[in-house]
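Everything on this sheet refers to the single structure shown next.
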Amino acid sequence: MTDPLHQFEIHVIAPLFSIFGVQFNFTNAALFMLVIVAIICALLYAAFANPELVPSRLQSVGEVWYEFVHNMVRQVMGEDGMKFFPLVFSIFSFVLVANMLGMFPYFFTVTSHVIVTAALAVFVILLVITVGIMRHGLGWFRLFAPHGVPIAILPFISAIEVISFLSRPVSLGLRLFGNMLAGHIVLKVFAGFVVSLSALGITGIFGAIFPLGMAVGLTALEFLVAFLQAFVFAILTCVYLNDALHPGH
Amino acid sequence: MEADAAKLIGAGIACIGMGGAGVGVGIIFGNYLVGALRNPSAAPAQFTNALIGAALAEGLGIFSLVIALLLLFT
């Protein structure tokens with residue numbers, strides 16, 4: 001049976017240049033990120049190139065996509081959070097298309113690499129801190145001192161709040177990474193069962209029906225997870241940005 | 001005991017933590033369903049909150065998966 005982690009290997013497609021001994025290469029991860037951006041742009045352009053009052057199928061997809069994120073941002077952050085709508089829409093689209101593209105056999109899943117998801121998560125948290133301090137100045141740090149807590153236990157509560165804030169980028173990045181990695185490993189393991197069982201002869205081939213059915217079911221589950229994780233990443237981005245805009249608990 | 005064997009045992013033990021995440025996600029969705037059946041008209045507005053809670057609970061389970069993977073592959 002082949003190694004289930006083989007699918008996550010990064011290959012160099014074209015070496016580019018090196019600065020101070022650090023080699024920069026064009027890898028399959030970079031290629032797939034470009035493909036993702038190209039797919040998003042092409043889909044949205046095709047959907048809204050000739051807008052009509054009665055939308056065509058593709059235009060309906062684009063409208064549902066747009067309105068889904070629009071409603072989410074408005075519900076969580078309110079009207080003054082709408083200026084972050086382009087950011088949340090970009091993050092949601094990138095993660096969603098990356099997860100969905102990874103479901104094709106032999107395709108590379110960029111979100112199954114912790115460096116990609118961690119970069120996205122750290123960017124979001126740095127933005128939260130920047131926006132919070134720009135909007136509210138030092139008053140933003142009231143986020144760590146919830147309203148109405150007795151003064152005796154305030155240092156204790158503040159320490160917990162600081163730790164929970166610092167664990168946000170870790171959990172935000174690791175959740176997406178872990179879900180995609182674990183899902184693809186499980187799919188590969190069950191596909192490997194099919195191959196190794198059917199090598200046993202005629203009884204093995206009949207026995208291989210069960211892991212095959214399991215793999216089909218898991219593929220459906222993975223499509224659900226791919227969408228759900230993109231949604232969760234986007235809505236947690238909204239929730240964290242809402243803390244920057246309205247720090248009062 | 002050899003260090004490699006201890007690493008494999010540690011990876012197995014770390015995976016127990018994911019069971020806790022399973023319990024947490026089950027409690028969240030179970031209680032969401034209980035509430036939704038009692039007051040179906042209020043359910044759609046709270047579905048997002050249920051998903052956020054499930055994601056937060058699941059994230060802690062993912063931590064233990066990452067620890068297991070770190071033990072296995074480093």
Side-chain angles (χ1 to χ4, degrees), chain A residues 3-6 8-9 68-69 71-77 88 92 95 111-115 117-118 121 163-186 221 224-225 227-243, chain B residues 3-36 39-74:
Chain A
D3 179 17
L5 293 176
H6 175 74
F8 302 116
E9 273 171 19
F68 178 73
V69 184
N71 289 339
M72 181 167 77
V73 173
R74 174 170 297 169
Q75 258 181 22
V76 178
M77 287 198 279
V88 177
F92 174 75
V95 176
T111 43
S112 67
H113 278 269
V114 71
I115 184 66
T117 59
I163 291 171
S164 96
F165 185 83
L166 290 180
S167 75
R168 278 176 180 183
V170 181
S171 69
L172 190 60
L174 281 186
R175 180 179 305 113
L176 180 57
F177 155 72
N179 270 291
M180 298 323 289
L181 181 84
H184 282 82
I185 289 177
V186 168
L221 180 73
L224 176 72
V225 169
F227 171 75
L228 205 62
Q229 288 307 315
F231 171 67
V232 162
F233 198 97
I235 202 159
L236 284 177
T237 304
C238 289
V239 170
Y240 296 161
L241 279 170
N242 187 42
D243 271 353
Chain B
D4 283 348
K7 265 188 174 182
L8 292 178
I9 293 171
I13 294 173
C15 279
I16 296 173
M18 296 187 70
V23 172
V25 173
I27 287 175
I28 288 164
F29 279 114
N31 284 341
Y32 170 74
L33 263 186
V34 169
N39 188 359
S41 57
Q46 298 308 316
F47 187 60
T48 313
N49 285 342
L51 282 181
I52 293 175
L56 292 177
E58 187 190 42
L60 300 175
I62 296 290
F63 284 173
S64 59
L65 173 73
V66 170
I67 298 297
L69 288 176
L70 280 178
L71 282 172
L72 281 177
F73 295 110
T74 53

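The analysis underlying the following values was restricted to heavy atoms, covering all of them including side chains, and did not include hydrogens, waters or symmetry mates. Keep in mind it's a predicted model, so treat the numbers as computed, not measured. Chain letters run A, B, ... following the sequence lines, proteins first and then strands; every chain starts at 1.
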Counting only heavy atoms closer than 4.5 Å, note whether [X] contacts chain B via side chain, backbone, both or neither.
X	result
A:Leu228	side chain
A:Leu174	both
A:Leu172	neither
A:Phe233	neither

*Are B:Phe63 and A:Val170 side-chain neighbours, meaning at least one heavy-atom pair lies under 4.5 Å?*
yes
*Is it true that atom CG of A:Leu221 has more than 12 heavy atoms of other residues, nucleotides or ligands lying nearer than 6.0 Å?*
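It does: A:Leu221 CG has more than 12 such atoms within range.
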_Working for side chain to side chain contact (heavy atoms under 4.5 Å, CB included), residues B:Glu58 and A:Val232_ = CA-CA 11 Å; B:Glu58 187 190 42; A:Val232 162; over 6 Å; no
*Minimum heavy-atom separation for A:Ala182 to B:Leu65, with atom names?*
CB-CD2, 3.9 Å
*asked:* Would A:Leu181 and B:Leu69 count as a side chain to side chain contact (heavy atoms under 4.5 Å, CB included) here? Give the steps.
replied: CA-CA 10 Å; A:Leu181 181 84; B:Leu69 288 176; 3.1 Å; yes
*Which region of B:Leu56, side chain (C-beta onward) or backbone (N, CA, C, O), has a non-hydrogen atom less than 4.5 Å from a non-hydrogen atom of chain A, or is it both or neither?*
both
_B:Thr48 vs A:Ile235, test: side chain to side chain contact (heavy atoms under 4.5 Å, CB included). Steps then yes/no._
CA-CA 9 Å; B:Thr48 313; A:Ile235 202 159; 2.8 Å; yes
